[in-house]
Amino acid sequence: MNLKYLAGYPDSIHQQVQQLVIDDQLGALLRKRYDGVHGIRTDGALYGYVQDLKNTYLRSAEPLSKVAFDNKLQVVKHALGTHTTISRVQGSKLKTKREIRIASLFRDTPLPFLRMITVHELAHMKERDHDKAFYKLCTYMEPDYHRLELDLRLYLTHLDHTGSPLWGDVPQTATPSTPPKDTTP
């Protein structure tokens, strides 16, 4: 069974996930943990959401010039989000713009998944590499970061095997601070 999204995880996790996929229970497990989709549908709303997180945790970081959902991101770059810095010469000055792009997949996921990828991309504003300092910053901004990352990987595995999303496109009325329902392992 292909579990490409769980490549770095131990065999015990692989075995549990394989059994959940065989029993067709992976989707039910994720639906039990997370309510439904968030209400952030537009690039403008996403920009506001990301900017609020940035202002809360990374006040001294450089400003963001653009935040957007990207339809091509997962297919083209094999990534769920990107953080880019674009430098241009304008006259005698060097202007730098920072952009965050998040895969459109996150329009139709629960808010905790969007928060996890947002925190990940914001952490790249301070830490370029996926090292200890990077993950420490991620868990500072989202204490449940590692759990959410695993659950997102489980959702991607579910999508890979079934092709059907778990949550509809009707926005949930949750606020951005709503935690996932079940956070026990």
Side-chain angles (χ1 to χ4, degrees), residues 1-43 45-46 49-50 53 67-83 100-124 130 134-135 138-139 141-185:
M1 182 177 295
N2 184 8
L3 298 175
K4 64 184 176 187
Y5 298 108
L6 301 171
Y9 288 87
D11 288 338
S12 60
I13 298 282
H14 284 229
Q15 291 167 0
Q16 290 175 28
V17 173
Q18 282 178 349
Q19 194 59 49
L20 286 168
V21 169
I22 290 168
D23 295 343
D24 197 25
Q25 292 298 310
L26 186 56
L29 173 75
L30 291 168
R31 260 195 232 113
K32 181 179 173 187
R33 287 186 184 161
Y34 303 98
D35 281 340
V37 280
H38 51 78
I40 301 169
R41 313 306 293 161
T42 65
D43 290 345
L46 180 63
Y49 177 71
V50 173
L53 282 172
V67 178
F69 285 111
D70 191 332
N71 291 329
K72 300 174 188 170
L73 196 58
Q74 189 174 7
V75 177
V76 175
K77 298 211 180 209
H78 302 290
L80 298 174
T82 60
H83 167 261
I100 290 179
R101 295 186 178 272
I102 294 177
S104 293
L105 159 86
F106 289 98
R107 270 195 182 118
D108 298 318
T109 62
L111 188 63
F113 289 173
L114 178 63
R115 182 177 172 95
M116 187 278 305
I117 195 68
T118 301
V119 161
H120 183 98
E121 296 310 324
L122 283 172
H124 278 303
H130 293 111
F134 174 83
Y135 287 108
C138 286
T139 55
M141 291 189 278
E142 173 51 60
D144 228 8
Y145 176 83
H146 294 292
R147 174 54 178 243
L148 293 171
E149 182 181 21
L150 174 60
D151 284 351
L152 175 63
R153 289 172 182 273
L154 293 176
Y155 179 55
L156 293 173
T157 300
H158 167 80
L159 285 176
D160 224 22
H161 285 44
T162 67
S164 63
L166 291 176
W167 300 279
D169 58 358
V170 178
Q172 177 190 10
T173 57
T175 59
S177 62
T178 304
K181 285 225 174 208
D182 178 17
T183 58
T184 57

Indicate the atoms forming the closest heavy-atom contact of [X] with [Y], along with that distance.
| X | Y | value |
| --- | --- | --- |
| Glu142 | Val119 | CB-CG2, 4.0 Å |
| Thr109 | Leu114 | OG1-N, 4.3 Å |
| His120 | His130 | NE2-NE2, 3.1 Å |
| Phe106 | Leu152 | CZ-CD2, 3.6 Å |
| Ser104 | Asn71 | OG-OD1, 2.6 Å |

What's the separation between atom [atom1] in [X] and atom [atom2] in [Y], rounded to the nearest 0.5 Å?
| X | Y | atom1 | atom2 | result |
| --- | --- | --- | --- | --- |
| Leu105 | Phe113 | CG | CZ | 9.5 Å |
| Asp43 | Arg101 | CG | CZ | 8.5 Å |
| Asp160 | Lys4 | CG | NZ | 4.5 Å |
| Leu26 | Thr157 | CG | OG1 | 7.0 Å |
| Ile100 | Leu46 | CD1 | CG | 8.5 Å |
| Leu154 | Gln16 | CG | CD | 9.5 Å |

Please confirm whether the backbone N or O of [Y] pairs with a side-chain atom of [X], one donor and one acceptor, at under 3.5 Å?
| X | Y | answer |
| --- | --- | --- |
| His158 | Ser164 | yes |
| Arg153 | Leu6 | no |
| His14 | Tyr9 | yes |

With a 4.5 Å heavy-atom cut-off, do [X] and [Y] have their side chains touching?
| X | Y | value |
| --- | --- | --- |
| Arg115 | Leu53 | yes |
| Trp167 | Leu30 | yes |
| Thr139 | His146 | yes |
| Gln18 | Asp23 | no |
| Val21 | Thr162 | no |
| Leu156 | Leu80 | yes |
| Tyr5 | Leu159 | no |

Query raised in the report: Between Tyr155 and Tyr34, is the gap from one ring center to the other below 6.0 Å?
Result: no
Requested in this report: Show your reasoning for whether side chain to side chain contact (heavy atoms under 4.5 Å, CB included) applies to Met116 and Leu111.
Outcome: CA-CA 9 Å; Met116 187 278 305; Leu111 188 63; over 6 Å; no
Query raised in the report: In chain order, what residues pass the salt bridge (charged side-chain N to carboxylate O under 4.0 Å, His left out) check against Asp24, with sequence neighbours excluded?
Result: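 Applying salt bridge (charged side-chain N to carboxylate O under 4.0 Å, His left out) to Asp24 gives none.
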